[in-house]
Amino acid sequence: MQEKYTPSDIEKTAQTHWESTQAFRAVASKAKPKYYCLSMFPYPSGKLHMGHVRNYTIGDVLTRFHKMRGYNVLQPMGWDAFGLPAENAAIQNSVPPAQWTWDNIAYMKQQLQSLGFAIDWSRELATCQPAYYKWNQWLFLRMLEKGIAYKKTQVVNWDPVDQTVLANEQVIDGRGWRTGALVEKREIPGYYLNITKYADQLLDDLDKLPGWPERVKTMQANWIGKSHGVRFAFPYTLDGKEEKLWVYTTRADTIMGVTFVAVAAEHPLAAYAAKNNAELAAFIEECKHVSVMEADMATMEKKGVPTGLFVTHPLTGEQVEVWIGNYVLMGYGEGAVMAVPAHDERDFGFALKYKLPIKQVVAVAGQTFSADAWAEWYSDKQNGTCIHSGKYDGLGYAAAVDAIAADLSAKGLGEKTTQYRLRDWGVSRQRYWGCPIPIIHCGSCGSVPVPDDQLPVKLPEDCVPDGSGNPLHKREDFLNVPCPKCGKPAKRETDTMDTFVDSSWYYARYASKFSETAMVDEETAYWMPVDQYIGGIEHAILHLLYSRFWSKVMRDLGLVNYDEPFANLLTQGMVLNHIFSRHPEKGAIQYFAPEEIDLQKDDAGRITGARAKADGLPVTYQGIGTMSKSKRNGVDPQALIDQYGADTARFFMMFASPPEQTLEWADSGVEGAYRFLKRVWAFGHTLSAQPQCPVPQTLDSALGTIRREVHLTLKQATYDLSKHQFNTVASAGMKILNALEKAQKDGAEGWLSVAQEGFSILLRLLSPITPHIAHVLWQGLGHGDDILTAPWPEPLAAALVQDEIELVLQVNGKHRGSIKVPAGADKAAIEAAALADETTQRFLEGRPAKKVVVVPGRLVNVVV
RNA sequence: GCCGGGAUGGCGGAAUCGGUAGACGCAGCGGAUUCAAAAUCCGCCGCCGCAAGGUGUGGGGGUUCGAGUCCCCCUCCCGGCACCA
């Protein structure tokens, strides 16, 4: 065995061994329990970043740990290969997205392989492969048949200069990211998936997921947002015709406090009012530039204009004025809302601003209402009772809603309904680099589904988008196709699918045999559901919800037999880094990588300014945020791997923090991880020259303590692994080595036997985290051919026993010392020992103790 | 704005149930080895204090023999907000 630790040789040796033994090839088998360990597949952005290393190391640690625990493990990998960055790269470098994507995949795959992950590469897939996305199209057609997929208008961001639809990410401060043009809202047709039909199942089945973090389940439940309320109407007469303005509210108990109603700018009533009113028309035009993003909607200035139109309050018969509000969205609910300024904070602010009446209709005992300022209790449902509400006076929330709903219903003007915040999933994207939607538009037959035997509709792979719309519009060979129904010339749909479709079922495809004739096959039933899914917390809602929905649709079509795709979920925290940018007057924002920046800091270490190294000119410090390609703040792990090796990179990543926690990137601890592995190697090298010797019956007491520490640390580390707390597992490895080195230095009789036993424990404990060094040392020390097949170590009871234990001594809850008692001492004995202690006597000053609290095995507290 | 999460030494973090705050590392300081350096090894290391001791887990209040941990209020940071993935 070589004396010096050389990661490159060691890692090559181990990886060659795994390659030649096909160590990670997963085969369905009833002989062992299965464990499907899946990390979210990466978008092939170019290079791995630290978030990937973190994600995939976590998955690999769990994979290898379960292998050693006797499971039949599957860990696959693939590529979320469609998406916007490929088009952006095409615009910049004139390279077709397909080529750019495949080049990135090749590079990143080699990076993943150099990290030594226990991946079954025979199951690799990329979502841009026709053999994969064919089944997106196939399932979409099944959804069309079942009415789950349907067509309606959608609102998009329109760049009037580039004549193209922009992603939310491409809209910055209301302007197009490349052109700087003011972005407009535009309504265009698109396909939707009826996820709201599954809203109750998606909500209720969260209870079937005990292995998911509570916070993720809470976020999903809130996102679905099931609410019970009342849908009702304000009748009105327009041009002699009886009409109804419908609204939905969860606060029907405040209906007597309605002082106006607000409709969206796109509402028919708004259009009617604006016909002969230039001011209204101008406001509606202004609303076209309101962002479609919820975050912008919620934070923007709420504006409104009265229409001069009135509707009738359904219960009081009073006339209520209709306003147009920029905060009311046509797409949500009815496109109109009732306004109760006294009991809704947003309405309150709006009423103050426009001097609209505020009418209190709910009171809370002991509180005084003032129309001058909002108070939290105004919207309190729990403790309020109705006032100024006629026959409803004195009723609480539930009773008032019941009574009011009954009265509305009797008039045919409303009823109780259940609503969801969740909206149907719009899947059409006006983009090139995605899965084509399998529809053909015929002048006579309308939108015709592509017949199954003509699937997949293949995307031409040689297009180069230039930023001005979808290049498919110019591809005659793609566009022109005979209508499947009538045979006349027709045009293909050029929209592609949301990439969330691609990632909604890839896990099921990994688990099957990549059949050309079926979406999934019978092997899927063996591996699914995923036993452990690992991915970033940023996917807590959308990706996970869409995958759950897609699974339920597949189940209802009889394709799979599970209700939920992911039994256990680990959401890793984001890896963050500094973000630097420059914002030219016109054109795209320019981002700078942290290594391209010189920082200025104040005395407290706060960042006060930044300049680009290249030109010395200032750049904007945007604070800290997720590592991403677009913001150029990712750190490429390659330099780390090249300098220290994969084991150090993996070890450091696990050691840096617990997996669920956000991690601000800093590489200052990498040296320490490398030092540790060098010590592991050196200790292994020392042992390799020694003969095997068993642990004797009796040990020197100091050596016994060391052995006890090793086994105790092992016990703790195994528990920590079950809790997914890998950082303390890494520390446990360090503690064990510290203990073994101490044994060696003390050199007591029998040290070698304790060191050999402890080191074999250490290697197995480390092998999921640093598999290469563990593999080579395990073989080199003659423990066996393959540490992968070695059993996980168990702490020995005999090594853990001790005769005497130390208890913390507190006086009045303050730590004052310690006492030693026999391991089996009972409460009375401990109390006596504590009271007899010198320190206790000093504090008692001759008085009797008021109380003595004994916590077995831990402490004793004397209250004076 | 709304939903979810977080805050512990100079830094990353540890502390199963409410029971010794700071494990394990990084950085720093002192020493050994060396012609010298790198590497390695040994020791010290929350803050105030010469010490006794006091004080300390983002800030304020509360419960308890005892609070980083439980309850109430506040501040700041991160993630998500439906076309980034």
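Keep in mind it's a predicted model, so treat the numbers as computed, not measured. Lettering of chains follows the sequences in order, A, B, ..., and the numbering in each one begins at 1. The figures here come from the full heavy-atom set of this structure, side chains too, leaving out hydrogens, waters and symmetry mates.
- Between the CG atom of A:Leu422 and the C1' atom of B:C3 there is a distance of 14 Å, rounded to whole Å.
- Residue A:Lys742 places no side-chain N or O under 4.0 Å from the OP1 or OP2 atom of B:C41.
- Across B:G22 and B:C45, the matching C1' atoms stand 12 Å from one another, rounded to whole Å.
- Only the P atoms considered, B:A23 is 28 Å distant from B:C71, to the nearest whole Å.
- Rounded to a whole Å, the CZ atom of A:Phe549 is 19 Å from the P atom of B:A82.
- Side-chain N/O atoms of A:Lys678 include one lying less than 4.0 angstrom from OP1 or OP2 on B:U40.
- Base orientation of B:C17: syn (glycosidic angle within 90° of 0).
- Taking a cutoff of 4.0 Å between a charged side-chain nitrogen and a carboxylate oxygen, A:Lys353 and A:Glu301 qualify as a salt bridge.
- Ion pair A:Arg421/A:Glu294 flagged as a salt bridge, since at least one NZ, NE, NH1 or NH2 atom sits closer than 4.0 Å to an Asp/Glu carboxylate oxygen.
- Here the nucleotide nearest the side chain of A:Tyr546, chosen from B:G79, B:A82, B:G12, is B:A82.
- With 3.5 Å as the limit, one finds no donor-acceptor pair spanning the side chains of A:Asn194 and A:Trp425.
- Judged by atom type and distance alone, A:Gln810 reaches the base of B:G19 through a side-chain donor-acceptor pair under 3.5 Å.
- A close approach under 4.0 Å does occur between a side-chain nitrogen or oxygen of A:Thr499 and OP1 or OP2 of B:A85.
- Here B:G25 is the nucleotide among B:A85, B:G25, B:G1 with the atom lying nearest to any side-chain atom of A:Arg679.
- If you measure from atom CZ of A:Arg816 to atom P of B:G53, you get 8 Å, rounded to the nearest angstrom.
- Nucleotide B:C65 holds its P atom 18 Å from the CG atom of A:Leu835, rounded to whole Å.
- For the pair A:Gln661 and B:G13, the criterion of a side-chain N or O lying under 4.0 Å from OP1 or OP2 is met.
- Atoms CD (A:Glu741) and C1' (B:G43) sit 16 Å apart, rounded to a whole Å.
- Close to B:C3, at under 4.0 Å from its OP1 or OP2, lies no side-chain N or O of A:Arg215.
- The nucleotide B:C35 finds no pairing partner, because no Watson-Crick or G-U wobble arrangement with both distances shorter than 3.5 Å includes it.
- A:Leu544 places its CG atom 14 Å from the C1' atom of B:A82, with the value rounded to the nearest Å.
- Just one residue in the list A:Asp502, A:Thr127, A:Thr496 forms a side-chain hydrogen bond (donor to acceptor under 3.5 Å, both in side chains) with A:Asn136, and that residue is A:Asp502.
- Rounded to an integer number of Å, the gap from CZ of A:Phe651 to C1' of B:C24 is 9 Å.
- Close to B:A23, at under 4.0 Å from its OP1 or OP2, lies no side-chain N or O of A:Asn738.
- To the nearest 0.5 Å, atoms CG (A:Leu545) and OH (A:Tyr198) are separated by 13.0 Å.
- The phosphate of B:G19 has neither OP1 nor OP2 within less than 4.0 Å of any side-chain N or O from A:Asn861.
- For B:G79, one of the phosphate oxygens OP1 or OP2 lies less than 4.0 angstrom from a side-chain nitrogen or oxygen of A:Thr626.
- Contact annotation: A:Arg675 side-chain N/O to B:A27 OP1/OP2 distance is under 4.0 Å.
- Using a 90° window around 0 for the glycosidic torsion, B:G30 falls outside it and is classed as anti.
- A:Arg675 and A:Thr648 form no side-chain donor-acceptor contact under 3.5 Å, judged by distance and modelled atom types alone.
- No N or O donor and acceptor, one from the side chain of A:Asn222 and one from the base of B:C3, sit under 3.5 Å apart.
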